[in-house]
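What follows is a single structure, written as structure tokens, with notes after it.
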Amino acid sequence: MKKILVINGPNLNMLGLREPAIYGSRDYNALLVFIRESATALGLEAECFQSNHEGAIIDCIQQAYGVFDGIVINPAAYTHTSVAILDALKAVAIPTVEVHLSDVDSREEFRHRSFVSLYACKVIKGHGFDGYREALEYFSEKK
Ligand code: CA2
């Protein structure tokens, strides 16, 4: 069974508490349940990790080396700033799908740039929770 690591970046643990028009009204725990159920339905094993700290996310990516077959990552605000997360993904060379709940391209200019996109094999934006399922589907269909 393929093992997929799902990483969520800063403030995603606050989902549902504010800005429901942008991120929806379901909370982070509902996202975890959604990811686990989607993975099970697709015959994948998913492990979830969330951190508000860039270094912790980098440690998590490094520890995935040789353990996971794929990474699904919503780097949240680090998407737009973190060369270090991009470098960590390149270093472990694990196929990665980048997910954003909102359509970052139709928001502020500073959200249009993504460093992680320079490595990701697929980027899913603006599909809410469904984006995570679509990312998992990518790995279930991938050879
Ligand atoms: O659309 C996405 O998934 C984002 O990655 C979410 C990030 C944002 O910085 C990115 O530009 C796009 C924000 C994560 C969570 O932010 C919250 C803000 C208020 C209440 C709850 C969560």
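Along the sequence shown, residues are numbered consecutively beginning with 1. Here the structure is a predicted model, which means the values were calculated and not measured.
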Are any of the side-chain heavy atoms of P75 and H100 separated by less than 4.5 Å? yes
Is a side-chain donor-acceptor pair under 3.5 Å present for E98 with T79?
-> no
Neighbour count above 12 (heavy atom, 6.0 Å) for H53 NE2:
no
Grouping ILVMFWY residues whenever side-chain heavy atoms fall under 4.5 Å, the cluster of V104 otherwise contains none
If we ignore hydrogens and angles and just use 3.5 Å, is the side chain of N74 paired with the main-chain N or O of N8 as donor and acceptor?
no
Of all heavy-atom pairs linking D69 and F139, the shortest is O-CE2, 4.4 Å
dist M14:CE -> D27:CG (nearest 0.5 Å) comes out at 11.5 Å
Starting from the C-alpha separation in whole Å, work towards a yes-or-no answer on side-chain contact (heavy atoms from CB on, under 4.5 Å) for K142 and K2. CA-CA 10 Å; K142 187 175 176 288; K2 279 189 195 166; 4.0 Å; yes
Interatomic distance, CZ@R133 vs CZ@F129, rounded to 0.5 Å, equals 12.0 Å
Here the gap from R26 atom CZ to L101 atom CG, rounded to the nearest 0.5 Å, amounts to 9.5 Å
On a heavy-atom basis, the closest approach of P10 and A77 is CG-N, 4.3 Å
d(D105 CG, S114 OG) to nearest 0.5 Å is 9.5 Å
Interatomic distance, CD@E109 vs NE2@H80, rounded to 0.5 Å, equals 12.0 Å
- Message: Is there a path of hydrophobic side-chain contacts, each under 4.5 Å between heavy atoms of I/L/V/M/F/W/Y residues, joining L136 to Y138?
- Response: yes
- prompt: Hey, is NZ on K122 packed in by over 12 heavy atoms from elsewhere, all under 6.0 Å?
  reply: no
For V83, the other hydrophobic cluster members (4.5 Å side-chain criterion, sorted by chain and number) are L5, I7, F49, I57, I58, I61, Y65, V67, F68, I71, I73, Y78, I85, L86, L89, V92, I94, F115, V116, L118, Y119
Here the pair of heavy atoms bringing I22 nearest to S102 is CG2-CB, 3.8 Å
Problem set entry | K90/D87 under salt bridge (Lys or Arg N to Asp or Glu O under 4.0 Å): CA gap, chis, key distance, verdict | CA-CA 5 Å; K90 283 183 171 177; D87 285 346; 5.0 Å; no
Tightest non-hydrogen contact, residues L12 and A76, listed as CD1-CB, 3.9 Å
Give the table of side-chain donor-acceptor pairs shorter than 3.5 Å for residues 28-48, with sequence neighbours excluded, one pair per line with atom names and distance.
from	atom 1	to	atom 2	distance (Å)
S38	OG	F34	O	2.7
T40	OG1	R36	O	2.9

d(D103 CG, R111 CZ) to nearest 0.5 Å is 12.0 Å
Review point. Is there a donor-acceptor contact under 3.5 Å linking the side chains of N52 and Q50?
Key: yes
